[in-house]
Amino acid sequence: MSAQGDCEFLVKRARELVPQDPYAAKAWLITARTLYPTDFNIQYEMYSIERNAERTSSAGRLLYDIFVNFPDQPVVWREISAITAALRNDSQDKHAQFLKGVFETLPGQVQCKMLLKATEQCFNTLEKAEMLLLLLKRFPESVVQHGVSLGESLLEAESVEDLETPVNCFRKLFVCDVLPLILNNPEMCLPVSLLYKYLHKAAEFYICYVTREPSADGQMQGSQEVGGLNSPGRGRGQRSVIDGLSDKASVVTEPWDRLLEMVGVVGSLCDWQGEKGSRSYAELLQRVSDLCRFLSAADADGFSRCCSQIVSCCTLVLFHCAFHYVSAVQPSLFQGHSSLSSGPWVLLEDLSSVYADVEVERKHTHKKRKLADGREKTMSSDDEDVLAKGRGRHIVVSKSEMLNWAETLDHFRTARESWDLLHSHPSLEAEFAKICSAWKTEMWLWFRIFLTDMIIYQGQYRKALSSLALMSSLQLQQNQNQNQNSLQTGSSSSLENHRAVIQQASCHYALGEYRLACEKLLEAVGGLLPQNQEFVKSSDEQRKPRSKTRRGNDLRLVPCTSKSILPFCLQLMLACFKLRAFTDNRDDLALGHVIVLLQFDWPQGESLFLKAVDKICQQGSFQYENFFNYVTNIDMLEEFAYLRTTEGGRVQLELLPNQGMLIKHHTVTRGITKGVKEDFRLAMERQVSRCGENLLMVLHRFCINEKIILIQSLP
Amino acid sequence: MSDIRHALLRRDPLSAAKEVLYHLDISLGSALQSSAGPPAGLEKSTVELVEEFIFHVSKDRNIQSKRMSCVQELQLLEIICSYFQEQSKDAIRQVIFSALFSLQGNKADESRMAMLGKLVSMSIAVCRVPILECAAIWLQRTHSAWCVRLAQVLMEDYCTLVPCAISTLQNICSASPRFCCQLITAVTALYDFSTDELTPPPALLEMLVGWITEDPRLLLLTFINSPLNSSLPLGCLEITPLLGLLRWCVKAPLAYHRGRKSAMTNGHGDGEKGTAYEELYSKLHLSVLQVFLMLQVHLTEKNMFCRLTVLPVESVAALIEEVGRLCEKLAPLLDASHIQLALDRLAQALQVAMATGALLCAREDLRALCSRLPHNNLLQLVMSGPVVQPPPHSSPFQPNMYPHIHPGRPSPLSPHSPHQSTLSSPHSPHTVLTAHPTHPALAPHRPLTAHATHPALSPHAFHPASIAFPYRPIR
């Protein structure tokens with residue numbers, strides 16, 4: 001008999017006995033172990049029996065033995081890797097729970113050794129990291145030795161894998177798991193530069209996590225395969241999954257709060273001036289702006305010392321507030337926002353004064369145009385005058401439609417303030433630019449949306465137009481991605497496209513480029529669906545007369561819906577044609593367009609209409625062949641019917657198509673003029689019967705059918 | 001003293017007995033306090049008083065002592081019970097108990113035993129821990145024949161007469177584990193499978209297995225609490241119930257034929273019940289082996305490993321001989337598998353007992369002892385010992401004196417070299433135990449690592465160590 005033969009015999013007997021008499025099987029193995037204490041198979045069989053019966057403590061005890069005595073047995077490694085996998089997983093599977101229990105029964109130092117050894121055997125960075133993390137979480141004293149190297153290996157893995165987004169498994173582990181351990185370990189002593197580097201890595205992750213696109217995971221899928229770790233729930237329809245991590249591990253709760261917490265910790269580690277752990281982002285900004293005021297620009301030394309602190313804090317506040325603003329203005333951009341709650345909103349010029357007296361308006365607009373022209377020539381984006389004008393502009397929001405309007409405007413303001421602070425000094429600007437280029441913020445569509453609105457707010461419309469162009473290219477890219485993943489329906493994206501086009505129109509108008517403004521506008525109107533008139537009465541706020549100081553300076557945040565946009569378009573066109581119509585030169589076509597447009601929101605435009613009538617009376621004649629196609633307002637029809645009478649001044653009205661030609665042609669014969677009169681009367685009668693028609697339908701048709709004439713009639 | 005006797009004679013039996021108890025308390029109590037140690041022996045007169053007035057056996061044949069009525073006897077038991085309950089001093093309780101119930105080798109002993117049986121039985125029923133503790137010590141110091149008699153009385157009361165009374169006994173284990181430990185030893189001495197009556201009642205077996213699986217240390221309680229070097233009085237019970245239980249486990253399969261026969265004649269107890277008992281014995285046997293492992297930890301801790309015998313070789317030899325005889329006798333009646341099971345258990349117990357230092361016996365001696373037993377593979381293996389190359393030069397029953405084999409072996413491919421450092425040296429075998437104190441039971445195999453395997457015999461172990469470790473996590 002050989003020793004091996006003995007052992008095989010003993011194990012075989014035990015194995016045979018397991019089903020019928022497990023006690024006897026164990027008795028055999030105990031005996032066998034006293035005979036051959038160094039035989040692996042005997043002890044492994046003992047462990048197997050306990051494991052299969054899921055007896056936690058005895059299995060743990062035996063595992064301890066075989067781990068200590070047979071550290072090189074592949075079978076032991078398979079067992080340990082099953083256990084560490086169970087530890088890493090959040091699976092509620094009964095066997096996984098048992099394996100976790102087994103691990104818990106082991107003495108601390110053995111757990112530590114086991115995890116370290118398991119880590120050594122691991123060739124996959126992610127698994128290795130997760131394993132080390134288990135170790136670091138359990139044994140804080142090991143953080144000093146392994147913490148930073150683990151963090152660096154994760155960052156390295158991220159760059160080696162060349163992942164396109166910072167929202168990846170390596171960064172997630174680094175930011176959410178490793179970094180807190182490192183930062184909160186009092187034994188750690190990290191150089192300040194490293195702390196900033198880590199803070200920026202964390203900030204980039206959290207910001208990109210919060211602002212990830214709805215289809216972000218679709219893009220990531222397949223880019224890297226980290227097998228074996230994902231829960232079976234990972235499927236095509238699953239969102240918010242970071243590739244390589246399970247669904248549960250992919251969720252980062254309260255990212256902004258966590259980031260703020262981390263700023264507090266890093267701040268205290270870096271001995272930041274005046275930083276006592278801010279409770280909010282607004283407070284954070286307050287602290288650094290106080291600090292900036294305290295440091296005179298001349299104090300170069302102090303400035304360079306605090307530069308990183310100021311830029312880090314300001315940058316975070318900027319992105320935090322910009323995100324909140326954009327998530328109110330265009331929620332569908334982000335995952336987790338139900339696009340049903342509200343559609344996009346768009347920041348536009350406030351045109352509520354369009355019905356006001358033309359004289360005041362004209363002067364003002366002339367001045368505005370001059371300014372815009374001047375800017376064009378100098379190509380200066382930092383026009384002092386414009387900036388001064390930009391300050392203190394009022395933004396009108398329909399409070400009933402945007403419930404969190406106050407916060408949204410607050411975030412918009414705080415974000416602008418952070419931006420201004422970041423650009424208040426060249427060294428701050430340079431530092432901020434470095435962060436932006438590292439994070440590739442120029443590719444962030446959502447941030448571009450904020451920037452555009454900020455530039456509009458600042459009154460730099462030329463710059464805003466180029467920003468809008470950038471935005472549409474980013475949007476195009478995103479739409480392509482979305483179409484690839486076919487996750488997005490067309491309708492909302494077309495509304496988002498309109499958003500940019502309408503904003504462009506608004507900018508062109510503000511620059512005095514009426515033709516371009518109308519062109520853009522009519523492009524957008526084509527895609528709008530007119531609603532029932534009743535719902536489209538402009539709101540009270542819109543009607544409220546503004547105080548004179550603010551007139552023409554205000555902005556309006558409008559929901560990007562047909563219901564809200566069509567009125568804006570009509571007002572904008574009115575504003576464009578109004579000036580032309582009331583110049584000293586006769587322009588019947590412009591005047592006619594104005595009359596058609598004045599029908600909307602009647603009787604808001606009554607005074608302007610009367611002004612138009614005065615002008616017609618002065619001219620003694622008026623030619624507008626589209627009149628009967630688009631004017632259905634009974635007051636207007638009455639007024640025009642009156643104008644033809646003797647009391648009205650016998651004004652020559654050529655309102656029927658080709659009427660002018662007919663009159664010229666038939667002046668010789670008397671009877672024909674009579675026929676013309678008859679035509680007019682019939683047309684009027686027919687028109688009165690059209691009074692009940694949906695005005696918005698009529699005006700929408702006007703915009704679409706007369707698009708070419710409308711554009712051509714503007715210089 | 002005779003004054004006291006005269007005074008007592010005038011009293012009624014109950015008050016006289018009470019008076020004697022009172023007298024004992026005064027005289028022994030003060031003796032205990034005054035002298036350095038307890039009095040070596042009782043005065044003859046005191047013994048006589050106890051015998052005359054408590055057990056009602058007078059040395060004076062002329063005087064027919066007054067017998068107590070049953071009610072009076074019950075009252076007396078109650079008085080004794082409450083006396084022990086109220087006496088707070090452990091030492092006095094023990095002295096009084098031995099004054100009352102130490103056997104004197106005279107005709108009063110029968111009365112003593114009768115009274116003791118009733119007292120202990122009653123104490124179990126009403127859970128009088130002080131008396132049970134004293135009884136435990138009595139069971140340690142008294143000749144096994146008397147102990148067996150006490151056990152018999154208790155078994156009659158709690159197993160035979162009222163079958164469901166066993167649960168009362170069952171609960172005693174947590175109250176007085178020492179008593180239970182001794183009781184187990186006594187019942188294993190009582191039931192020797194020689195007849196139906198002397199086969200352990202199933203209820204008893206079930207209770208014992210329950211006790212032991214709940215806390216196997218119970219079996220070592222008396223052993224651990226006794227001074228290590230004290231020699232037992234001649235003829236006493238074994239210091240642990242281990243050998244007794246072992247005897248049960250080994251002999252149980254050999255008694256199956258009888259169990260089956262009786263089951264058939266009784267009409268109850270079908271095959272299923274039989275397997276339930278088989279399982280209980282299997283469980284019990286495993287517990288015994290596990291307790292051997294615990295014992296090794298204890299011995300090593302006390303530095304008594306291989307210096308103290310727990311299973312006397314003579315008793316083991318007697319068991320082996322008995323098993324041999326039974327096998328011979330029953331071979332034609334019994335299924336071979338039963339004999340093999342008995343031999344398997346015997347072999348396992350011998351091996352584990354030797355390895356854990358519970359049995360100090362050389363394998364050569366073992367071979368001689370087992371020579372008459374029928375063939376059994378495991379027994380063969382145990383008798384020849386583990387295969388070791390080169391053969392061990394030291395005697396195999398001193399496992400912690402084994403030299404390490406690895407260093408001397410000229411084998412560069414040795415699979416064990418990486419973890420050799422983890423093998424504890426023979427002089428400090430407890431590194432593992434201190435690291436993991438919660439599992440003392442399973443640790444003791446560590447010091448035995450001296451039984452090394454041999455590279456030539458375990459070729460599968462070669463590859464992982466010599467080649468680069470091929471392990472990769474499983475996907």
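Here is how names work: the chains are called A, B, and so on, in the same order as the sequence lines, proteins then strands, and each is numbered from 1. Bear in mind the structure is a predicted one, so any value in this text is a computation, not a measurement.
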CD/A:Glu156: more than 12 non-hydrogen atoms of other groups inside 6.0 Å: no

Heavy atoms from other residues, nucleotides or ligands near CZ of B:Arg217 exceed 12 (cutoff 6.0 Å): no

Test item: B:Leu381 and A:Leu10 side chains (from C-beta on) under 4.5 Å apart, heavy atoms: yes

Beyond-backbone contact of A:Arg33 with B:Leu293, side-chain heavy atoms, under 4.5 angstrom: yes

Nearest heavy-atom neighbours spanning B:Leu289 and A:Thr31: CD1-OG1, 4.0 Å

B:Leu378 side chain reached by A:Trp28 side chain, heavy atoms, under 4.5 Å: yes

Straight-line distance of A:Lys26 NZ to B:Lys283 NZ, nearest 0.5 Å: 9.5 Å

Nearest-0.5 Å distance that lies between atom CG in A:Asp6 and atom OG in B:Ser384: 7.0 Å

Within-4.5 Å side-chain heavy-atom neighbours: A:Ile30 and B:Gln348: no

Smallest separation among heavy atoms of B:Leu286 and A:Ala27, with atom names: CD1-N, 3.6 Å

More than 12 heavy atoms of other groups within 6.0 Å of B:Glu214 CD: no

Atom of A:Ala24, atom of B:Ser282 and distance for their closest heavy-atom approach: N-OG, 3.3 Å

A:Thr34 and B:Gln351 side chains, donor-acceptor separation under 3.5 Å: yes

B:Asn377 and A:Arg13: CA distance, side-chain angles, deciding distance, side-chain contact (heavy atoms from CB on, under 4.5 Å) verdict: CA-CA 11 Å; B:Asn377 281 330; A:Arg13 278 305 307 266; over 6 Å; no

